[in-house]
Every structure is written in C-alpha cells, then in structure tokens.
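Heads up: the structure comes next, in structure tokens.
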Amino acid sequence: DPIQLFYDLQRYNPYAKEGKKLLFYPAAKRADRYSIPEGTESIEVYGEPMFPSHISALSVPASLKAGLAENAGLTGGIEVDYGSRAYASRSGVLFSKRDGKLLVYPAGKKEDFYMAPHGTMAIASGAFRGASVSSVVLPSSLVHIEGEAFASSAISNLVIPSSASDIDIRALSGMDALTAVFVEPRSIGDIFLSGSSLGGVKRYVEYI
C-alpha cells in the first residue's frame, strides 16, 4: 500500500537500535477499518491521536509494544491479537495486559451503558476522554482511578466500587455531564466525594 507509511527507524533515527515504528497515518486514507502492520513495535506519539475518528475498527498485531493508548482514542473500537504481551482488548476497549489497567475506552464506541470487566484494576488518566457512553459501572476488582480518567466524556452516571482504595484528587475532573456517582457508605469513594465539590451528586448503595 503506497500510502501506508511504515518505516524502519534504524535508517532514519540514529538512536533507534532496533524495531519498526509507525510514523504517520495519512489524512487522505478514508477506510473505516485499519490493521496495523504485523511487525510494528511502536507508534510515534504526537500531541493528538494519530488514528482518526472515521476508523470504526482498529486491529493491533501481537508485535506492538508501545504508543497505542496515545493514538487510538478517537476510533470506534480496538481489537488486539491474543498473543500480545503488552495489550489486551475486551469488547473493543483497550487494556494493559501486564496490570489490568483500562487504557482507552474509544470515543467512537457507540453504547449507552458500559460495565468494565472483572479483573480491571485501574482506570488510566484520560481513558474515557471524549467517550459518548452515559452510564459506567466499575467492577469490584478496581483499586485505582487516575486523574482526569473521565474528562470530557458524556458520562452522567458512574458506579465506584468499595474496592477502590486509591482515587486521584482529580479523578472526576472535567466530567461536565455527571449527575450521579454511586458509592457504598463509608467507602473510599464516599470519603472522596464528601471532601470534594461533587458531594451533591453522591448516591448511596449497598455492596458494590
């Protein structure tokens, strides 16, 4: 494919000792599906995501080790080869295979409700940035929520389990559509909301 720019960085970058990096995705390429070439080990990281919003399905080879989370956020879904040691995908959502962190809920994914799978240990900063989903339930395996994890999303209802013991002070920053956060009484989520300006959206439930 002549417009698929796939370079061996050993030729162009004196600091690249080995491996292949995807440097550029052409703006004129209008296909709604894209498969990152097998053998790609990383993707160049710029200020904005490389892959555009018209890509509804992004396929990721097992060889890819870095740069995916920073570049796939606008797409409609991410599917990772099962053999990958760095990444995993569940229903089009991107996770870190090493530590069970939810890295990217794609902004182009169209659903009103999302329940993160059990085994999800953390929500990465910006993981839900721009997401159109309105209700999100986090699982009882969750421990950590990073800062601005849900910023600029359409989430109006969020369930935080009692297992969440490490919540960044900016975890819910930028959630302009938020109307209700469901927590268990006396949980870390309850204490977190009580000490923030979001106390008015807190709702109590038992055993979540």
Are [X] and [Y] grouped together when hydrophobic residues (ILVMFWY) are joined by side-chain heavy atoms under 4.5 angstrom apart?
X	Y	value
Phe95	Ile78	no
Val137	Phe192	no
Ile169	Leu193	no
Leu103	Met50	yes
Phe182	Leu198	no

Main-chain N/O of [Y] paired with [X] side-chain donor or acceptor, under 3.5 Å:
X	Y	value
His54	Ala31	yes
Arg30	Ala28	no
Ser152	Gly130	no
Ser132	Lys109	yes
Ser153	Ala131	no
Ser173	Glu148	no
Ser125	Gly147	yes
Ser89	Gly92	no

Rounded distance (nearest 0.5 Å) linking atom [atom1] of [X] with atom [atom2] of [Y]:
X	Y	atom1	atom2	value
Ile123	Ile167	CD1	CD1	11.0 Å
Glu44	Glu70	CD	CD	10.5 Å
Ile191	Ser196	CD1	OG	12.0 Å
Leu68	Ser96	CG	OG	11.0 Å

Tell me which donor-acceptor pairs under 3.5 Å the side chains of residues 56-64 have, and how far apart each pair is, sequence neighbours excluded?
unit_1: Ser56; atom_1: OG; unit_2: Asp32; atom_2: O; d: 3.0
unit_1: Ser63; atom_1: OG; unit_2: Gly39; atom_2: N; d: 3.0
unit_1: Ser63; atom_1: OG; unit_2: Thr40; atom_2: N; d: 3.3
unit_1: Ser63; atom_1: OG; unit_2: Thr40; atom_2: O; d: 2.8

Looking only at heavy atoms, what is the nearest atom pair of [X] and [Y], with distance?
X	Y	result
Ser140	Ser163	O-OG, 2.8 Å
Pro139	His118	CB-CA, 4.0 Å
Ser165	Ile188	CA-CG1, 4.0 Å
Met175	Phe150	SD-CB, 3.5 Å
Ala164	Ile160	CB-CG2, 3.9 Å
Ala107	Leu74	CB-CA, 4.3 Å

Would you say that more than 12 heavy atoms from the other residues, nucleotides or ligands in this model lie under 6.0 Å from the [atom1] of [X], or not?
X	atom1	answer
Asp99	CG	yes
Arg203	CZ	yes
Glu206	CD	yes

Honestly, is Lys97 close enough over Tyr82, meaning NZ or CZ under 6.0 Å from the six-membered ring centre and within 45° of the axis?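 Pair Lys97/Tyr82 counts as cation-pi.
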Leu172 vs Leu158, test: side chain to side chain contact (heavy atoms under 4.5 Å, CB included). Steps then yes/no. CA-CA 10 Å; Leu172 306 186; Leu158 177 66; 3.7 Å; yes
Apply side chain to side chain contact (heavy atoms under 4.5 Å, CB included) to residues Phe51 and Ile36 and explain how you reach the verdict. CA-CA 11 Å; Phe51 301 114; Ile36 297 171; 4.0 Å; yes
Passes side chain to side chain contact (heavy atoms under 4.5 Å, CB included), Ile55 versus Tyr25? Steps please. CA-CA 11 Å; Ile55 295 178; Tyr25 185 90; 3.8 Å; yes
Should Tyr105 and Glu111 count as side-chain neighbours, where that means a heavy-atom distance under 4.5 Å?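 Counting from C-beta outward, Tyr105 and Glu111 do come under 4.5 Å.
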Taking Asn157 as the fixed residue, which of Val136, Thr179, Leu178 is the one that meets the side-chain contact (heavy atoms from CB on, under 4.5 Å) rule?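 The residue from Val136, Thr179, Leu178 that satisfies side-chain contact (heavy atoms from CB on, under 4.5 Å) with Asn157 turns out to be Thr179.
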Could you check Leu138, Asp166, Asp168 and say which one makes a side-chain contact (heavy atoms from CB on, under 4.5 Å) with Ile145?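 In the set Leu138, Asp166, Asp168, the residue that makes a side-chain contact (heavy atoms from CB on, under 4.5 Å) with Ile145 is Leu138.
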Between Tyr204 and Val183, is a side chain to side chain contact (heavy atoms under 4.5 Å, CB included) present by the stated rule, with each step listed? CA-CA 5 Å; Tyr204 284 130; Val183 294; 4.2 Å; yes
